[in-house]
Protein chains: 2
Amino acid sequence: MANKKCIIRLLRYKNALHRLHSLGFVKVFSDNLADAVGVTASQVRKDFSLFGICGNKRGGYQIEALLEKLNHILGKNEQQKVVIVGGGNIGAALMKYKGFEKEGVKIAACFDIDPAKYHHKEGDIPVLPLEELKNFSRANHIRIGIIAVPDIAAQQVLDLMLSAGIKGIVNFAPIRLRASSDCFINNVNLVLELETVIYFIVNGLEKSIAEIHEEQKS
Amino acid sequence: MANKKCIIRLLRYKNALHRLHSLGFVKVFSDNLADAVGVTASQVRKDFSLFGICGNKRGGYQIEALLEKLNHILGKNEQQKVVIVGGGNIGAALMKYKGFEKEGVKIAACFDIDPAKYHHKEGDIPVLPLEELKNFSRANHIRIGIIAVPDIAAQQVLDLMLSAGIKGIVNFAPIRLRASSDCFINNVNLVLELETVIYFIVNGLEKSIAEIHEEQKS
DNA sequence: ATAGTTTTGTGAATAATTTCACTATAAAAT
DNA sequence: ATTTTATAGTGAAATTATTCACAAAACTAT
Ligand SMILES: NC(=O)c1ccc[n+]([C@@H]2O[C@H](COP(=O)([O-])OP(=O)(O)OC[C@H]3O[C@@H](n4cnc5c(N)ncnc54)[C@H](O)[C@@H]3O)[C@@H](O)[C@H]2O)c1
Ligand SMILES: NC(=O)c1ccc[n+]([C@@H]2O[C@H](COP(=O)([O-])OP(=O)(O)OC[C@H]3O[C@@H](n4cnc5c(N)ncnc54)[C@H](O)[C@@H]3O)[C@@H](O)[C@H]2O)c1
């Protein structure tokens, strides 16, 4: 029922609703939302139905109420604190990005083994020695971590994160990590994202499929 | 038949085979590959069967021959040139990354509207004024582009890319782009990747589903 | 040679996901 | 008030994707 694809669509609906709301819209119909997100209207209604979300026949959905419900389902009512391990290219890009706060995500700290990366300035996200990851995560109840280290280091970083109580991971290293099933790993492989596009272009398939989103990647 | 998910799995098989090959392995069985990639052995065989790839009963697959076939199918025999538009956080991280060349991907140039970003040094990837995108792309037969500009600028950048003959796009801006169906857009939404993990952790679902890959995101 | 074993290749079965199509209902129009 | 119309909600149908299960082939050992 509440499968991964469906959750990703709910997150998309939520983002689209945010935009509509900030544009001053008050209500929305299943087909507006479908259009904004790139799915069919029945898909939207089916997804909502699965989570017991209902609107008004002929009246559509009240955006505020809908956002409220989605945030509740998606656990976005409280701000989530996240740590990054690896303050290199990707890690630094993520730290500089201003878009997380808006979505209720707070990058609490970054950890690295390279002392040249350490950084501590009021207002900035601190970059700390890797040894402090465990204490920091425990003290701050961190449950989510981002792996942005070279692939050879990724497994040991994962193990350390798990031992620090982190259970949810976004992994940018292009390798398959081994873990107990008591954690959730979301692998993001940017090279693969590019290679996928290359495949469709090289084979002249750009006409058949116009667009892919995360959820079409299973 | 040859759906997106299947292609992404083929790309994964290819990557796993690369690793195995560089470790000195010569042949591989469907279940080794399945294990390396995180799918079932029948899935591997079914995927291969779909593309007419065959191995030897009881002998598995010769890694070199298999890589050859996969590279042919995936269009990885010739190096692919790619441009980036937006030399900010993400754009810069991608330019500094050394892992693309290994996969036959060459970042040919980056384009930006901010003159402070312009850069031209022998050996480095040049950062050029946006106005030059069209000529550069035409002259270098660029077919693939990466959008790494703020969301408000993404649509106009896409339109420009399309007018420059670029047909395959990886888009990092978190908005739905509108385009003719004569192009292929792969949307990468990093905030969503994080939010997905947050959902599973906040709802205590980390036990049920241990790992997701791109292809499970549809 | 022959028997035994392992692994592929694939049609059939199953499972998962999406779309269809229709009913119920609320709002708008008359 | 009554009719019309637009849209939600949802089982059923269709489609798509995955797994099963087993015959065919090829290697190994005797
Ligand atoms: N940069 C990109 O565009 C890009 C693209 C695709 C994939 N990736 C992947 O993302 C990951 C990070 O890439 P990057 O370009 O940011 O790398 P990077 O080399 O720029 O940064 C890696 C950082 O990790 C630190 N580090 C190394 N070992 C560590 C350890 N054991 N514990 C803590 N920190 C450690 C290093 O000091 C460095 O600061 C890599 O796995 C890479 O393959 C990056
Ligand atoms: N940095 C991240 O970690 C991150 C995370 C999630 C999403 N994103 C998304 O990725 C995109 C890029 O993010 P970023 O952090 O790199 O942004 P950034 O602001 O650091 O960089 C954007 C770059 O694009 C350039 N630019 C602006 N308008 C342009 C135009 N019309 N043509 C060409 N260049 C233009 C700017 O000069 C700047 O160099 C954004 O859409 C952002 O939402 C980034």
Side-chain angles (χ1 to χ4, degrees), chain A residues 1-13 17 20 25-63 65-66 69-70 73 205 208-218, chain B residues 1-13 17 20 25-63 65-66 69-70 73 208-209 211-218:
Chain A
M1 165 218 180
N3 63 85
K4 281 156 279 174
K5 297 191 197 173
C6 180
I7 297 306
I8 292 171
R9 286 195 303 266
L10 291 188
L11 287 163
R12 272 180 201 291
Y13 301 148
L17 286 166
L20 292 170
F25 288 92
V26 169
K27 66 178 187 178
V28 70
F29 300 119
S30 59
D31 70 338
N32 306 144
L33 215 38
D35 203 50
V37 162
V39 298
T40 65
S42 19
Q43 180 83 83
V44 174
R45 296 201 301 272
K46 179 65 97 184
D47 287 339
F48 286 179
S49 151
L50 238 40
F51 284 91
I53 292 173
C54 48
N56 319 304
K57 305 211 169 176
R58 173 132 198 192
Y61 304 84
Q62 293 301 118
I63 292 180
L66 190 47
K69 280 178 196 148
L70 286 174
I73 291 164
L205 299 170
S208 51
I209 309 147
E211 194 172 1
I212 56 178
H213 290 298
E214 283 80 30
E215 78 275 11
Q216 288 159 353
K217 293 172 192 169
S218 328
Chain B
M1 166 215 180
N3 63 87
K4 282 156 278 172
K5 296 191 199 174
C6 181
I7 297 307
I8 292 171
R9 284 195 304 266
L10 291 188
L11 288 162
R12 272 180 201 292
Y13 301 148
L17 286 166
L20 292 170
F25 288 91
V26 169
K27 67 177 187 179
V28 71
F29 300 120
S30 58
D31 69 339
N32 307 142
L33 214 39
D35 203 48
V37 163
V39 299
T40 65
S42 20
Q43 180 84 82
V44 173
R45 297 201 301 274
K46 178 66 95 188
D47 286 341
F48 286 178
S49 153
L50 237 43
F51 284 92
I53 291 173
C54 47
N56 318 304
K57 306 213 167 174
R58 167 128 200 201
Y61 305 83
Q62 293 301 118
I63 291 180
L66 189 48
K69 279 178 198 147
L70 286 175
I73 291 164
S208 51
I209 310 146
E211 193 172 0
I212 56 180
H213 291 295
E214 283 79 30
E215 77 273 11
Q216 290 158 352
K217 294 172 194 170
S218 332

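Lettering of chains follows the sequences in order, A, B, ..., and the numbering in each one begins at 1.
We find that CG of A/Leu50 is positioned 11 Å from C1' of D/dT10, with the value rounded to whole Å. Between the CD atom of A/Gln62 and the C1' atom of D/dA8 there is a distance of 14 Å, rounded to whole Å. Spacing between atom CD1 of B/Ile53 and atom P of C/dT8 amounts to 13 Å, rounded to whole angstrom units. For B/Asp47 and C/dG9, the CG to C1' distance is 13 Å, given to the nearest whole Å. In this structure, A/Ile7 places its CD1 atom 15 Å from C1' of C/dT17, rounding to the nearest Å. Counting to the nearest Å, the C1' atom of D/dT7 and the CG atom of A/Leu66 are 15 Å from each other. Between B/Gln43 atom CD and C/dG9 atom P the separation is 15 Å, expressed in whole Å.
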Find every protein N or O atom lying less than 3.5 Å from an N or O atom of nucleotides 11-16 of chain D, and list the pairs.
from, atom 1, to, atom 2, distance (Å)
D/dG11, N7, A/Lys46, NZ, 3.3

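Residue B/Tyr61 is classed as a sugar-phosphate contact, given heavy-atom separations below 4.0 Å to backbone atoms only.
Qualifying side-chain contact (heavy atoms from CB on, under 4.5 Å) partners for A/Asp47, counting only residues two or more places apart in sequence or in other chains: A/Cys6, A/Arg9, A/Leu10, A/Tyr13, A/Gln43.
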| remark: Parsed dot-bracket for DNA chain D after applying the Watson-Crick and G-U rules with both distances under 3.5 Å and | for other-strand partners is ||||||||||||||||||||||||||||||

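In this structure, B/Ser49 reaches the C/dT10 phosphate: one of its side-chain N or O atoms is under 4.0 Å from OP1 or OP2.
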| request: Please assess B/Leu66 against B/Phe48 for the test side-chain contact (heavy atoms from CB on, under 4.5 Å), listing each intermediate value before the final yes or no. | output: CA-CA 10 Å; B/Leu66 189 48; B/Phe48 286 178; 3.9 Å; yes

| message | Within the 4.0 Å limit for protein heavy atoms, which parts of nucleotides 21-30 of chain D are touched? Write it as a string from 5' to 3', B for base, S for sugar-phosphate only, - for none. | response | B--BBBBS--

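How far NZ of B/Lys69 is from CG of B/Leu17: 11.5 Å, rounded to the nearest 0.5 Å.
Taking every side-chain heavy atom of A/Thr40 into account, C/dT19 is the closest of C/dT19, D/dA17, C/dT18.
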Can you give each donor-acceptor pair under 3.5 Å made by side-chain atoms of residues 25-37 of chain A, sequence neighbours left out, with the distance rounded to 0.1 Å?
from, atom 1, to, atom 2, distance (Å)
A/Ser30, OG, A/Arg45, NH1, 3.2
A/Asn32, OD1, A/Phe29, N, 2.9

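Looking at residues 26-36 of chain B, you'll see that no heavy atom sits under 4.0 Å from any atom of DNA chain D.
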